[in-house]
Trainee: 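Shown below is the structure under consideration.
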Amino acid sequence: MKITLIQIGKTEDKYLLEGIDKYEKRLKHYINFSTVTIPALKNTKNLNFEEQKKKEAELILKSINNTDYVILLDEKGKVFTSVQFADQLNKHMNRAVQNLVFIIGGPYGFDEKIYARANEKLSLSTMTFSHQMVRLFFIEQIYRANTILKGEPYHHE
Ligand SMILES: C[S@@+](CC[C@H](N)C(=O)[O-])C[C@H]1O[C@@H](n2cnc3c(N)ncnc32)[C@H](O)[C@@H]1O
């Protein structure tokens, strides 16, 4: 199974980039993982939030295939413990999902079209994080899940 993480706009803060890079390098030893960064919209001055989300949605939908299993990172989604999340990943692997796609929304969240396409919604907390911070928190959770599935000590250290 391949995991793809779709995000909008480059990660800007150095402290986030360093953390993301660290877990991305570790993850490569466990699973086929890649990130797709959709370029941030330009000239957004004349667009309201809804228009911006619609435009982002068009770009997101172009990056997804019909057969992809799509999970949105969304504060209103289902909350799992790290062990439960690892079990979920394992279930997808056993169901022979080819490409598991996680999507982190833009600064204003997702357009309805993306909610309509999604197979599931996953929440990291009922609190709201910046779309940039979620990248680091979530990649660490994917790494953690893989160490749990391998019975490695990372989760218990
Ligand atoms: C600043 S948040 C958008 C908040 C927006 N008000 C909404 O209703 O979605 C930007 C993105 O970060 C991600 N995000 C933020 N907090 C999250 C959380 N607690 N769990 C999962 N994803 C989260 C989501 O992908 C969200 O679309």
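As the structure lists them, so they are numbered: ligands from 1, and atoms in each ligand from 1. In this text, all values refer to a predicted model and were calculated from it rather than measured experimentally.
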Trainee: Nearest protein heavy atom to atom 21 (C) of ligand 1, by residue and atom, and its distance?
Mentor: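 Going atom by atom, the protein heavy atom closest to atom 21 (C) of ligand 1 ends up being Asp74 N, 3.4 Å.
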
Trainee: Please could you name the atoms of ligand 1 that Leu122 approaches to less than 4.0 Å, counting only its heavy atoms?
Mentor: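 Heavy-atom distances to Leu122 below 4.0 Å select 21 (C).
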
Trainee: Below 4.0 angstrom, counting only protein heavy atoms, does anything approach atom 6 (N) of ligand 1?
Mentor: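 No, there is no protein heavy atom closer to it than 4.0 Å.
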
Trainee: Calculate, to the nearest 0.5 Å, the distance between atoms OG1 and CG belonging to Thr147 and Leu27 respectively.
Mentor: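 If we round to the nearest 0.5 Å, Thr147:OG1 and Leu27:CG are 9.5 Å apart.
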
Trainee: I'd like to know if Asp87 pairs up with Lys91 as an ion pair, taking the criterion as any Lys NZ or Arg NE/NH1/NH2 lying under 4.0 Å from an Asp or Glu carboxylate oxygen.
Mentor: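 The answer is no: the pair does not qualify as a salt bridge.
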
Trainee: What protein heavy atom lies closest to atom 4 (C) of ligand 1? Include the residue and the distance to one decimal.
Mentor: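 Protein heavy atom with the smallest distance to atom 4 (C) of ligand 1: Glu75 OE1, 3.7 Å.
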
Trainee: Flag Val134 as yes when one of its N or O atoms lies below 3.5 Å from any N or O atom of ligand 1, and as no otherwise.
Mentor: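 No; every N/O pair is 3.5 Å or more apart.
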
Trainee: For atom 2 (S) of ligand 1, grab the closest protein heavy atom and report residue, atom and distance to one decimal in Å.
Mentor: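 The closest heavy atom on the protein side is Phe129 O, 3.6 Å.
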
Trainee: Answer yes if the side chains of Gln141 and Tyr23 hold a donor-acceptor pair under 3.5 Å, and no otherwise.
Mentor: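 On atom types as modelled, these side chains do not qualify, holding no pair under 3.5 Å.
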
Trainee: Among Val36, Leu72, Leu59, exactly one meets side-chain contact (heavy atoms from CB on, under 4.5 Å) together with Ile6. Which residue is that?
Mentor: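 Answer after filtering Val36, Leu72, Leu59: Val36.
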
Trainee: What atoms of ligand 1 come within less than 4.0 Å of a heavy atom belonging to Ile104?
Mentor: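 Answer for ligand 1: 25 (O).
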
Trainee: Kindly identify the option in Val79, Leu72, Thr126, Leu73 whose heavy atom sits closest to atom 24 (C) of ligand 1.
Mentor: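 Nearest heavy atom to atom 24 (C) of ligand 1 lies in Leu73.
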
Trainee: Please check if the side chain of Asn65 supplies one atom and the backbone of Asp68 the other of a donor-acceptor pair under 3.5 Å.
Mentor: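 Not at all, since once roles are kept as given, no pair shorter than 3.5 Å links the two residues.
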
Trainee: Determine, for Lys54 against Glu58, whether the closest basic-nitrogen to carboxylate-oxygen distance falls under 4.0 angstrom.
Mentor: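 Between Glu58 and Lys54 there is no salt bridge, as every charged N stays at least 4.0 Å from the carboxylate O atoms.
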
Trainee: Who gets closest to atom 27 (O) of ligand 1 by heavy atom: Gly77, Ser123, Gly105, Ser125?
Mentor: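 Closest candidate by heavy-atom distance is Gly105.
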
Trainee: Any side-chain heavy-atom pair from Leu122 and Lys78 closer than 4.5 angstrom?
Mentor: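 Contact flag for Leu122/Lys78 side chains = no.
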
Trainee: Flag Met127 as yes when one of its N or O atoms lies below 3.5 Å from any N or O atom of ligand 1, and as no otherwise.
Mentor: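 N/O-N/O distance below 3.5 Å exists for this pair.
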
Trainee: Can you check side chain to side chain donor-acceptor pair (under 3.5 Å) on Tyr69 and Glu120, steps first, answer last?
Mentor: CA-CA 9 Å; Tyr69 193 90; Glu120 286 180 35; 2.6 Å; yes

Trainee: Salt bridge or not between Glu18 and Lys14? Use side-chain N to carboxylate O under 4.0 Å.
Mentor: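 Yes, Glu18 and Lys14 are salt-bridged.
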
Trainee: Please confirm whether Met133 comes under 4.0 Å of ligand 1, counting heavy atoms of the residue only.
Mentor: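 The answer is no: ligand 1 sits nowhere under 4.0 Å from a heavy atom of Met133.
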
Trainee: Are more than 12 heavy atoms from other residues, nucleotides or ligands located less than 6.0 Å from atom CD of Gln98?
Mentor: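 At most 12 heavy atoms, drawn from other residues, nucleotides or ligands, come within 6.0 Å of this atom.
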
Trainee: Mark up the atoms of ligand 1 that fall under 4.0 Å of a heavy atom belonging to Pro107, in ascending order.
Mentor: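 Result: 1 (C), 3 (C).
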
Trainee: Indicate yes or no: does an N/O atom of Leu124 lie under 3.5 Å from an N/O atom of ligand 1?
Mentor: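 Yes, Leu124 has an N/O under 3.5 Å of an N/O on ligand 1.
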
Trainee: Among all protein heavy atoms, pick out the one at the shortest distance from atom 12 (O) of ligand 1; state its residue, atom name and that distance to 0.1 Å.
Mentor: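 The answer is His131 CA, 3.6 Å.
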
Trainee: Inspect the contact between Glu50 and Lys53 and indicate whether a charged nitrogen and a carboxylate oxygen are less than 4.0 angstrom apart.
Mentor: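 Result for this pair is yes, salt bridge flagged.
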
Trainee: Does ligand 1 have an atom under 4.0 Å from some heavy atom of Gly106?
Mentor: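 Yes.
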
Trainee: Nearest to atom 9 (O) of ligand 1, what protein heavy atom do you find, and at what distance?
Mentor: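 Checking every protein heavy atom, the shortest distance to atom 9 (O) of ligand 1 gives Gly109 CA, 3.6 Å.
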
Trainee: Among all protein heavy atoms in this structure, tell me which lies nearest to atom 8 (O) of ligand 1, with the distance rounded to 0.1 Å.
Mentor: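 Result for atom 8 (O) of ligand 1: Lys76 NZ, 3.3 Å.
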
